[in-house]
Engineer: 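Here you go, one structure.
All chains are named by letter (A, B, ...) in the order of the sequence lines, taking the proteins before the strands, and each is independently numbered beginning at 1.
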Amino acid sequence: MRMNSHDVGLNPGELYEVSDIIKKLGANFVGIVTNGLLYLPGERVALGDTVEGITADEALDILRHSTAHLMAHAVKSLIRDAKLGIGPAIENGFYYDIYTKEKITEDTLQLVEGKMRELAEARLPVQRQVLSKDAAIELFSSLGETFKLELIDDIEGDEVSVYRQGDFVDLCRGPHVSNTAHIKHFKLLSISGAYWRGDENREQLTRIYGTAFWTDEDLREYLHNLEEAEKRDHRKIGRQLDLFSINEDIGPGLILWHPNGAIIRKEIEDYWRNVHLEKGYQFVYSPHVARTRLWEISGHLGFYKENMYPPMELENQTYLVKPMNCPFHVQIYKAKTRSYRELPLRFAELGTVYRFERSGVLHGLLRVRGFTQDDAHVFCTREQVEDEVTDIMELALDMYRLFGFENLKIELSVRDPMNKDKYVGEDDVWELAEKALENALKRAGKEYVVAEGEAKFYGPAIDIKVRDAIGRYWQGPTIQVDFNLPRRFGMKYTGKDGREHEPVMIHRALLGSLERFFALLIEQYSGWFPLWIAPEQIRIIPITEEQLGYAQEVADKLREFRIRMDDDTGSKLGYRIRQAQMDKVPYVLVIGAREVQEGLVAVRHGVKGDLGKMGVEELAKMLREEIRQRAHL
RNA sequence: GCCGGCGUAGCUCAACCGGCAGAGCAGCUGACUUGUAAUCAGCAGGUUUGGGGUUCGAGUCCCCACGCCGGCUCCA
């Protein structure tokens, strides 16, 4: 929080040692900002009229923001016609969007990084300057910085601030480090295109990503973590463990589930079905295609066409492959007259849908073109909506907790108020739906953010996002309140009053899609699946041929588990243990002469290592309990 | 779709300035009969993603297509 210097007993204009100022501010600050610049303990500073204590996180953001400036400075000194877009600090670093006529490639990054080091070593003081908008417009016009002019236009008030270092000047709110010499430990990481102001109809700038830290240690640790995260990548583990594949001749974004992956999917589906039965859902099945007419009524042809595959024509009728399951469930509802006594009616289906996704967005199992949603539609009265939404949210969170997911972000996805023609339905109905979701969130007491423009075309939603191995968030659970489709389809139920009423429809998916969920699960466990879903639960390793008979007896007793007999007795034990480890088998039973003699098995846990010897019954009991609890390894 | 990068054996990767496509692992065969993360030997495996071009000669240079990777836009 920014304070008046006087108020904390300090005199503006006077020279202070930074740590003395921090003492006055009395908190866990690592530095201070005054005159728009960051100062750290050990520095002497002429205090400005205001002073602000800075936490470690804030200081790191400032450093990264300043590193972005340094990078822009370097690019501009190397490429004369470069024009700057924006260059903020982000979660793990920073980026700067820069427009150049000649293309920037990864080779350019080396040059830029070199130039940055040069400019940092030049120990350039950084200065903040406040300009009138007119002066700023003149300044940036003379520099040809057309994007900055657009930004100035959008800034409220009459004044803007700029930061200078050497011959470089940038429009910026700040704050920044006080000297480029503070910027020592940084690295430029990648390069990509980014549309100016996120609008694909505008210019595409080059976005350069990088990161910066206060110490070399922190930088190395971060880079090391990046490498570690790559090892958890579901595409890599998927191949190693033979879980799934994507085949070019079949098509991009279309998934082959191999036996190992299919077992995991089957276990998850079984669990999912049981939970849904307990929670009062009924299962339905629906076809993969439907006549054009259905999609006209639902509004998909108007609002979702971009994502649908082109129609196929047969016997003078056109059919479309389904991108969603909802219209089918609606028709099941409409197959007979419904009474209020039946509501809420909950139809669930593991429904496979196909959506045309633009080629550049496909990503392993996380973004595909054909996928199976764990879909359900709840039809209920207006009064029941909040309870239903609350229950669904609880169920979703429980399910994710079971699989060990901690990093969830809850969003309330509402319409983009500037773009209402992207959605079907009347304002009052949308407001009702948004209100219902908001109330449910408040009742659940969960923290959430409002995401404008993220609503589906037929209604607002609670969207829950899950983190992948490298920190990207993907949508998992979604709960959507929809007053629109019931109206379009003319859905009805007979109320207590004997009259017809319109039900409300809630669309929901918990896991999201099995493909995406599987990807997140692989990365969550880095392939070490809990016993209950592990494709191979036990591997038996008889040391020599001598023990094959006894090993087979053990295997027979453990037939309830997914088990593999490793009878490659020609290889050394160490080698075979290593194979089991790489296959990420939860339990390995080593059987040698001693085990046969004692009538025991030597148990090795994939993560915990050697557990010693035990009897087969004792082991089976332990494993059954582990499966019952669906415990993590 | 857009920007940048990449595509060599099932996997991971070599191949100098354009000059005979190569290794480890996996697979197969055989020897070894083994005590908690790699025993040894042999064999087999390739239209260098596909198509066109330049060249005496292309994995290497150019063009097109396809696919993949990191982003942007878009979305479970």
Engineer: B:U29 and B:A65: how far apart are their P atoms, nearest whole angstrom?
Structural biologist: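 Going atom to atom, P in each nucleotide, I get 46 Å.
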
Engineer: Any idea if B:C17 is syn or anti, going by the 90°-from-0 cut?
Structural biologist: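 What B:C17 shows is a syn base, its glycosidic angle lying within 90° of 0.
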
Engineer: Is the distance from the ring center of A:F517 to that of A:Y400 below 6.0 Å?
Structural biologist: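 Centroid separation for A:F517 and A:Y400: below 6.0 Å.
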
Engineer: Out of A:I591, A:V590, A:V601, A:D566, which one pairs with A:I540 under the side chain to side chain contact (heavy atoms under 4.5 Å, CB included) rule?
Structural biologist: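 Answer to the side chain to side chain contact (heavy atoms under 4.5 Å, CB included) test with A:I540 among A:I591, A:V590, A:V601, A:D566: A:I591.
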
Engineer: When you compare B:C28 with B:C64, how far apart are their C1' atoms, in angstrom units rounded to a whole number?
Structural biologist: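 Between the two C1' atoms, the distance is 41 Å.
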
Engineer: Nearest whole Å is fine: how far is B:C3 C1' from A:I98 CD1?
Structural biologist: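 Going from CD1 in A:I98 over to C1' in B:C3 covers 14 Å.
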
Engineer: C1' atom, B:C75 versus B:A38: distance in rounded Å?
Structural biologist: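 B:C75 and B:A38 have their C1' atoms separated by 44 Å.
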
Engineer: Parallel, tilted or perpendicular: which fits the ring planes of A:F518 and A:F244, with parallel below 30° and perpendicular above 60°?
Structural biologist: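 Because their plane-to-plane angle is over 60°, the rings of A:F518 and A:F244 count as perpendicular.
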
Engineer: Ring of A:F457, cation from A:R415 - is the NZ or CZ under 6.0 Å from the centre and inside 45° of the axis?
Structural biologist: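 The answer is no; the distance or angle limit is not met.
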
Engineer: Could you tell me how far B:A58 sits from B:G51 if I compare only their C1' atoms? Round to whole Å.
Structural biologist: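 One C1' to the other, the span is 15 Å.
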
Engineer: Roughly, in whole Å, what's the span from OH in A:Y96 to P in B:C3?
Structural biologist: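 My rounded result for the distance is 23 Å.
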
Engineer: Which residues in residues 563-576 of chain A have at least one heavy atom lying under 4.0 Å from any atom of RNA chain B?
Structural biologist: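 Output list: A:T569, A:G570, A:S571, A:K572, A:L573, A:G574, A:Y575.
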
Engineer: Side-chain donor or acceptor of A:E595 under 3.5 Å from a matching atom on the base of B:G35?
Structural biologist: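 When only heavy-atom distances are counted, A:E595 does reach the base of B:G35 through a donor-acceptor pair under 3.5 Å.
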
Engineer: Is A:P327 close to A:L294 at the side-chain level, that is, under 4.5 Å between some pair of heavy atoms?
Structural biologist: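 Contact flag for A:L294/A:P327 side chains = yes.
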
Engineer: Could you spell out the base pairing of RNA chain B as a dot-bracket line? Use Watson-Crick and G-U wobble contacts where both distances are under 3.5 Å, [ ] for crossing pairs, | for partners on a different strand.
Structural biologist: (((((((..((((.....[..)))).(((((.......))))).....(((((..]....))))))))))))....

Engineer: Using the C1' atom in both, what is the distance from B:C68 to B:A23, to the nearest Å?
Structural biologist: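 Roughly 24 Å separates the two C1' atoms.
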
Engineer: Would you kindly give the CD-to-C1' distance between A:E546 and B:G35, to the nearest whole Å?
Structural biologist: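 One finds 15 Å between C1' of B:G35 and CD of A:E546, rounded.
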
Engineer: Would you measure the distance from the C1' atom in B:C25 across to the matching atom in B:C20 and give it in whole Å?
Structural biologist: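 My reading of the C1' atoms in B:C25 and B:C20 gives 26 Å.
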
Engineer: Please give, in whole Å, the distance from B:C3 C1' to A:D107 CG?
Structural biologist: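 Taking atom C1' of B:C3 as the reference, CG of A:D107 is at 16 Å.
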
Engineer: Decide whether A:H258 and A:S245 meet the rule of one side-chain donor and one side-chain acceptor closer than 3.5 Å.
Structural biologist: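 There is such a pair between these side chains.
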
Engineer: Please check if any side-chain donor atom of A:T544 sits under 3.5 Å from a side-chain acceptor atom of A:T569, or the reverse.
Structural biologist: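 Result is no, nothing qualifies.
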
Engineer: Considering only atom P, compute the distance from B:A31 to B:G70 and round it to an integer number of Å.
Structural biologist: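 Per the computed distance, 47 Å lies between those P atoms.
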
Engineer: Within the structure provided, determine whether A:S571 and A:Q579 are in side-chain contact (heavy-atom separation under 4.5 Å).
Structural biologist: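 Result no, sub-4.5 Å side-chain heavy-atom pair not found.
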
Engineer: If you define the side chain from C-beta out and look only at heavy atoms, does anything of A:F283 sit under 4.5 Å from A:H276?
Structural biologist: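 When only atoms from C-beta onward are counted, A:H276 and A:F283 do touch, with a gap below 4.5 Å.
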
Engineer: Assuming nearest nucleotide by heavy-atom distance, tell me which of A:R578 and A:A593 is located more 5' along RNA chain B.
Structural biologist: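 In this pair, the answer is A:A593.
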
Engineer: For A:R202 and B:C3, what is the distance between atoms CZ and C1' respectively, to the nearest whole Å?
Structural biologist: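 Whole-Å distance recorded here is 17 Å.
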
Engineer: With a 4.0 Å cut-off, would you call A:E515 and A:R355 a salt bridge?
Structural biologist: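 Looking at A:E515 and A:R355, the cut-off is not met.
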
Engineer: Establish, for the pair A:R207 and A:Y95, whether the NZ or CZ atom is under 6.0 angstrom from the six-membered ring centre and no further than 45 degrees off its axis.
Structural biologist: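 Yes, cation above the ring, under 6.0 Å and within 45°.
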
Engineer: I'd like to know whether A:E595 forms a side chain to side chain donor-acceptor pair (under 3.5 Å) with A:Y550, so could you lay out the CA-CA distance, the side-chain angles of the two residues, the decisive distance to 0.1 Å, and finally the verdict.
Structural biologist: CA-CA 9 Å; A:E595 284 72 25; A:Y550 176 75; over 6 Å; no

Engineer: Measure centre to centre between the rings of A:Y587 and A:W528, then say whether the value is under 6.0 Å.
Structural biologist: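 Here the rings of A:W528 and A:Y587 have centres that are no less than 6.0 Å from each other.
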
Engineer: A:E545 CD to B:A31 C1': how many Å, rounded?
Structural biologist: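 Distance, rounded to whole Å: 13 Å.
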
Engineer: Quick one: A:E102 CD to B:G4 C1', roughly how many Å, whole number?
Structural biologist: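 So the CD-C1' distance, A:E102 to B:G4, works out to 15 Å.
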
Engineer: Just call it for A:R239: base, sugar-phosphate, or nothing, with non-hydrogen atoms closer than 4.0 Å on any strand.
Structural biologist: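 Contact class for A:R239: sugar-phosphate only.
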
Engineer: Using the P atom on both, measure B:G7 against B:C11 and round to a whole Å.
Structural biologist: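 B:G7 and B:C11 have their P atoms separated by 14 Å.
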
Engineer: Going 5' to 3' along nucleotides 69-76 of chain B, which nucleotides have protein heavy atoms under 4.0 Å from the base (write B), which only from the sugar-phosphate (write S), and which from neither (write -)?
Structural biologist: SBBBBBBB

Engineer: Taking CG from A:D583 and P from B:C25, how many angstroms apart are they, rounded to a whole number?
Structural biologist: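 Checked: the CG to P distance equals 17 Å.
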
